[in-house]
Amino acid sequence: GPYKNIKRGKLWGIAFRSKWERNIARYLVYLCEKGDIISWKYESQKYEFPVRSGTVFYTPDFEILTKTHKTELWEVKGYMDRKSKTKLNRMRIYYPDIKIIVVDKAQYQSIAKYKKLIPGWE
């Protein structure tokens with residue numbers, strides 16, 4: 001089924017960057033099956049900032065289409081470095097209508113409470 005793990009850290013043929021990302025993907029599948037979200041994509045969209053220097057592009061980890069047909073971006077971050085902060089700040093400035101959820105350690109742990117309901121959780 002869709003939950004079958006593939007070697008080399010791949011899940012459904014997608015090379016996620018971490019166990020956290022794989023588990024968040026499993027959680028998003030669970031939310032789709034429950035009807036809480038319509039769909040999700042991994043690293044599918046590149047946002048460009050109209051700046052001359054520094055961070056010009058941002059590719060979010062997950063792009064979610066909510067039940068109300070709004071785009072939500074989920075960024076999985078165990079640790080927030082300066083470059084990541086810059087990207088998120090620029091997203092707020094240049095794309096203010098897009099909601100961004102940073103899945104930090106606390107957020108991840110609250111999602112992990114559902115792991116008994118989610119097949120294949122690592």
Side-chain angles (χ1 to χ4, degrees):
Y3 293 108
K4 189 171 176 349
N5 246 324
I6 301 154
K7 59 182 181 265
R8 288 192 308 277
K10 282 193 177 182
L11 186 62
W12 313 302
I14 302 168
F16 293 102
R17 296 174 196 279
S18 67
K19 178 175 85 173
W20 277 29
E21 287 189 359
R22 287 191 299 276
N23 283 337
I24 294 301
R26 291 179 175 101
Y27 177 65
L28 292 170
V29 168
Y30 166 75
L31 292 181
C32 280
E33 288 174 350
K34 277 182 50 185
D36 289 349
I37 63 173
I38 294 171
S39 64
W40 64 273
K41 296 178 197 154
Y42 179 71
E43 291 191 347
S44 63
Q45 175 93 16
K46 185 189 268 188
Y47 293 86
E48 187 170 354
F49 307 127
V51 293
R52 288 207 180 91
S53 66
T55 306
V56 179
F57 295 105
Y58 168 59
T59 304
D61 293 330
F62 295 96
E63 189 176 52
I64 286 103
L65 187 60
T66 68
K67 277 198 297 197
T68 56
H69 293 270
K70 289 200 169 20
T71 296
E72 224 174 70
L73 305 178
W74 287 23
E75 187 63 34
V76 179
K77 280 277 175 241
Y79 166 76
M80 186 67 73
D81 57 26
R82 207 173 77 214
K83 194 172 182 184
S84 299
K85 281 182 188 155
T86 300
K87 287 177 185 179
L88 294 173
N89 284 334
R90 289 186 175 174
M91 281 302 293
R92 287 185 196 104
I93 293 163
Y94 298 112
Y95 299 92
D97 297 340
I98 298 176
K99 183 177 180 183
I100 300 173
I101 292 171
V102 177
V103 181
D104 58 10
K105 193 174 180 188
Q107 183 92 24
Y108 182 80
Q109 285 170 341
S110 72
I111 290 169
K113 290 176 188 159
Y114 295 93
K115 66 185 173 193
K116 286 186 173 65
L117 303 170
I118 300 169
W121 186 275
E122 294 175 62

Partner of P60 under side chain to side chain contact (heavy atoms under 4.5 Å, CB included), chosen from V76, L73, L88: L73
Proximity of Y42 and F62 rings by center, below 6.0 Å: yes
CG on L28 to CD on E21, rounded to 0.5 Å: 11.0 Å
Among K19, R26, K115, the one residue meeting side chain to side chain donor-acceptor pair (under 3.5 Å) with E122: R26
Heavy atoms of other groups near Y94 OH, more than 12 under 6.0 Å: yes
Interatomic spacing from OG1 in T71 to CD1 in I64 - rounded to 0.5 Å: 9.5 Å
Any side-chain heavy-atom pair of I37 and L65 under 4.5 Å: no
Heavy-atom pair with the smallest gap, counting every atom of N23 and G120: OD1-O, 4.5 Å
NZ/NE/NH1/NH2 to OD/OE distance under 4.0 Å, R17 and E43: yes
Side chains of S84 and D81, donor plus acceptor under 3.5 Å: yes
Closest contact, heavy atoms only, C32 versus S39: SG-CA, 3.8 Å
Pairwise distance CG(D61) to CZ(F16) - rounded to 0.5 angstrom: 9.5 Å
G35 versus K67, closest heavy-atom pair with distance: O-CD, 3.0 Å
Transitive ILVMFWY side-chain link Y79 to Y108, under 4.5 Å: no
Under 3.5 Å: donor-acceptor pair, side chain of R90, backbone of T55: yes
K99 side chain near K70 side chain, heavy-atom distance below 4.5 Å: no
Validation row: V102, Q107 side chains within 4.5 angstrom (heavy atoms): no
Heavy-atom closest contact (W20 atom, K105 atom, distance): CH2-CA, 3.6 Å
Non-hydrogen side-chain atoms of V29 and W40 separated by less than 4.5 Å: yes
From OH (Y30) to CH2 (W121), nearest 0.5 Å: 11.0 Å
Ring geometry between F49 and Y58 (parallel below 30°, tilted from 30 to 60°, perpendicular above 60°): parallel
Y95 side chain reached by I100 side chain, heavy atoms, under 4.5 Å: no
Co-membership, hydrophobic cluster, residues I101 and I38, 4.5 Å side-chain: no
Validation row: M80, D104 side chains within 4.5 angstrom (heavy atoms): no
I98 side, atom CD1; Q45 side, atom CD - distance, nearest 0.5 Å: 7.5 Å
Non-hydrogen atoms of S44 and K41 that approach each other most closely: OG-CB, 3.4 Å
Point-to-point distance, once rounded to the nearest 0.5 Å, from OG1 of T86 to CE of M91: 13.5 Å
